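Encoded as structure tokens, the structure appears first; notes follow it.
Lettering of chains follows the sequences in order, A, B, ..., and the numbering in each one begins at 1. All values reported here derive from a predicted model rather than from experimental measurement.
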Amino acid sequence: MNKLGRTVFYDRHVALGARIVEFAGWEMPVSYPTGTVAEHLATRRTAGLFDISHMGRMLVGGSGAIAFLQHVLSNNALALEVGEAQYTLIPNSNGGAVDDAYLYRFVEDQYLLVVNAANHQKDWEHFQPFLSDFPNVDLRDRTKELAMLALQGPMSREMLLKIIQSGRLPEPLHNATSIARMCDAQVMIGRTGYTGEPIRFELFIGREHALRLWDKLVEVGATPCGLGARDTLRLEAALPLYGHELGRDIEGKDIPAFAVPLSKFAVSFSPLKGEYVARAALTRQQAAFKKIVFGDYSLISDLPRMIRPIAMVGRGVARAGDKMFKDDACVGYVTSGTTTPMWVFEGEGLASRPTDQHKLRSIGLALIDSDIEEDEKLAVEVRGKRIEAVVVPYHISSETPPYARPIVYGCKLAQKKSSNEEGPRKAYRLLETALQNTIWRQQECINLIPSEMTLSPMARLLSVIDPAFRYAEHKKVKAFYDAEIFYYQGTDFIAEVERLLEEEIKKFLGCKEVEMRPISGQMANMALFSALVDYFNLPDRKREQRRIARVMNHYLGKGGHLSAQPLGALRDYLARDPNTERPAVVNFPVLEDNRYQIDLPATLELIDRFRPELIIFGKSVFLHKEPVAEVRRFLEDRKINAFILYDAAHVFGLIGPQFQDPFAEGADFVTGSTHKTFFGTQRGVIGSLFLEHEKRYELWEAVRRRAFPGSVSNHHLGTLLGLLMASYEMNHFKDQYQPRVIANAKTFARALKDCGLQVAGDPAVGFTETHQVVVHVGHGRGPEIARRLETNNIICNYQATPDDEGFSAAGALRLGVAEMTRFGMAETQFRQLAGLIQEVIRNGSDVSDQVKALRKPFCELQFCFRGDEYADVLKRLRNLL
Amino acid sequence: MKKMSEFRLPDDVRYSEDHEWARLEGDAIRVGISDYAQDQLGDITFVGMPNVGDAFSQKQEFGTVESTKAVSELFMPIGGKVLEVNEALEESPGLVNEDPYGRGWLILVKPDNPDEFNSLMTKGDYAKRLKGAE
């Protein structure tokens, strides 16, 4: 065995005192002197650095590359855009795995396939016979020339940001890739890994530059980790290892690919893949899998056993090969098992943090009968003794970056005590606590949640009197020349209220039609999406409805709102892209130097390429005007048939010359919520410019149908009445209110900036053109700082920036000035407030009393009707409560 | 990796072929694993212990010591009955790595035949044996 390979980092491992072992023909570090446990814990706490240059790396290029990859890999290579990577299997014709692999697309015309070290030669040979069927494939081994490191863990992003010279890190999405410059060399970066860490990178760099990168990463604090920690980390993350969970089972038979839960994402049945290796076998496995998921075991013979995480209940360590029993029947065996360390976390929810304590637990993965369910108690035969174990869903959760958090079997949240009090006592307590909360929120706090607005006293009173308790369903009936027909009696008053409200909102928006029945902004969007599907399917009512073929929107992570996302309101109305097998959205590209603003030229290019049927402007982090007019012009020039929706939710109350006039600029629809910058009760609205004689008016009729009966039957008449008053207030006061809001926001942004805080947005326009201000407070610090501000009576929300991996890693605060502006706060007060916020963020000071004092003179709502002429009628109304 | 000369080999204990140590404490024998053994195993994450009262003969397996990577059997350096087990190892098996001759002890045994103790290696013999393994 004198032909063992050494990676370019070998001397570094030896110098660090690593224990070197032979692994898959390589001399690799299994651990460094601090040991596997410390390395595992360092990865979960800060960041681990792994030499993974022993893995096989192959470049696939040439005009036949995609066809070849589609044939020999299980995933859909065509779905891979530049800047993405995907997990895939190299299947055999039995539906087992020759290997599992990662396919990267860093550049347009070349794919990089990373395979297991132990299978490198086998994979290479497996590919050779197929090459003759696929001409023009350039398959090259690049294992030697290209070194590979993994940097995994909560601090890994910060470490890379310290050393990056140019370019940027991949977008904060699993499997995103990018190319950047570090240590004077080009580094290809993937947000991939084998540890379960939510913040993770794998780095490819030319061999000749690789040592510089290693040294630099160690210098900025990465902990070198050996194969030992790599194995315990991947086991804790329940990731499969070839030779254990994939490949052959204990009897030498192929483990079906679908036995591994991750295969769901690694196997594609897209017609674009043709008759690829294993399609037939994988199709059978998937059919069985689909039934097993719902507890139907009629096809279990095609997928008799599956890989499941297990946790030991009794004292003992399960090891690979140990048999598993249910009662006295052998139901499978352990494929991987050991004791793994975990940090002990303290605190609850978002505030939970790792302590300095760690614990050990005995966990594993097992290939067991597919009819065994979660939480079932089994036994593992460890060295002749049966020890109790349980099937668990997972061992860690990666859904709240920056940390991968241990999920321990049997650990539950402490339940809050339920009250034993009698009804009358509970009623009194409720009144008391509601009183305290209202005093706090209305008189002592400074509320900067941009989605919120306090109702005027009149609008409030109207919201709770009759007809708050009534029903008034209605629809237009053609037989009566489109008269609105109500189904119940006693509705004349509210019918007139709704008509008047429509008039006010039409006047406000400058449009021809409005639909006021949706009771939230999200519902307004859903009614509109549903109407589009209804409209597209008008010509054929017998077939399954087709969905919206493609939507352009703001990505959630870049300030988009759930009400326009596939994971939110769009889900059931949006088609899947036949190429990518993913929801057919294309996101607005944003400017490099201001990721809160649309990149217009790049957007127009994408519109031309993807031809969306619906373009949705508007977002929840809304700092700048949207380029509605420019996009409308482009659609007309190119004769592209797309509807433009302007979701004004946040800026509904700012619509007009002070900010933006979407209908005048070319929007087909405006939706919104009536209670953010607008003065209203919490409801939704849809507006349109379509005219009755136009062909497309049929779409508006569909909107009406999808509002009622599609979305609501009763539509909360109390808030409808309150909203009418709020609309009177808005139309009367908007010329004073709107410029004050925007001026306050700009002043606030400037003051925060002057305090030394990092304010987002374009400085050339004063950072913001709306009521919102976004302040960056440091990666992952948003939740803690927002909480700290709350204890200081300043209410805002933590906000993930476009660079953050999720809400729990949020590095910003979103602040809105609308409500406090309406309470009369002006630029002087916002300057003072900026100073107080800076005190809390920078110095951790207690400014709760100063905040209360700042709020005190501003407890009476402005921009609403007041005066003696209303006193008598208000009193009579109040007496009716 | 450590050199042989770097291992701690106290002379108040005797050593077995299987890298256990035994220390005479009055009528009883305390048992653990050598510094060399713990180093070879790496981070110890689990110790499988016998019950108090169990009896074993010399060289019989009495438990396991496990690292993240592997399981190793523990063999009695001397036959006898288990008087005590080191319960601290249940929570903190890493003590075997940190302090193999002290807080990382495994069991206390009442020997059946105290003469067996004399069959074990002295520090010098054990050091020679480790050199041979180098």
Point to revise | Rounded distance [0.5 Å steps], OG1 in A:Thr232 versus NZ in B:Lys69 | key: 8.5 Å
Review point. Heavy-atom count around A:Phe345 CZ within 6.0 Å, excluding the residue itself: above 12?
Key: yes
**Study point:** Between CE on residue A:Met312 and CZ on residue B:Phe46, distance to nearest 0.5 Å
**Key:** 8.0 Å
Study note, to complete from the structure: Bottom line for B:Gln40: the part with an atom under 4.5 Å from chain A's heavy atoms is both
Revision key, fill the gap. If one checks every heavy atom of A:Thr340 against chain B at 4.5 Å, the contacting part turns out to be neither
Point to revise | A:Ala229 versus chain B, the contacting section by heavy-atom distance below 4.5 Å | key: neither
Check your understanding: So with a 6.0 Å cut-off around CG of B:Asp27, is the heavy-atom count from everything else above 12?
Key -> no
Practice item. Tell me, for A:Val382 versus chain B, whether the close heavy atoms (under 4.5 Å) come from the side chain, the backbone, both or neither. Key: neither
Point to revise | Portion of B:Ser67 that has a non-hydrogen atom of chain A nearer than 4.5 angstrom | key: backbone
Point to revise | Minimum side-chain heavy-atom gap A:His40-B:Asp43 below 4.5 Å | key: no
Review point. Under a 4.5 Å heavy-atom cutoff, which of A:Gly228, A:Gly316, A:Pro33, A:Pro341 has the most pairs with chain B?
Key: A:Gly316
Study note, to complete from the structure: Shortest non-hydrogen pair, B:Thr68 vs A:Arg319, comes out as O-NH1, 3.3 Å
Review point. Can a salt bridge be assigned to the pair B:Glu91 and A:Lys359 using a cut-off of 4.0 Å between side-chain N and carboxylate O?
Key: no
Practice item. Against chain A, label B:Asn97 side chain, backbone, both or neither, depending on which of its atoms sit under 4.5 Å from a heavy atom there. Key: neither
Practice item. Would you indicate whether the side-chain heavy atoms of B:Pro93 and A:Leu360 approach each other to under 4.5 Å? Key: yes
Check your understanding: Is it the backbone or the side chain of A:Arg383 that comes under 4.5 Å from a heavy atom of chain B, or both, or neither?
Key -> side chain
**Study point:** A:Thr36 portion near chain B, given a 4.5 angstrom heavy-atom threshold
**Key:** both
**Study point:** Over 12 foreign heavy atoms within 6.0 Å of CD, A:Gln357
**Key:** no
Check your understanding: In this structure, are over 12 heavy atoms from other groups packed under 6.0 Å from B:Gln60 atom CD?
Key -> yes
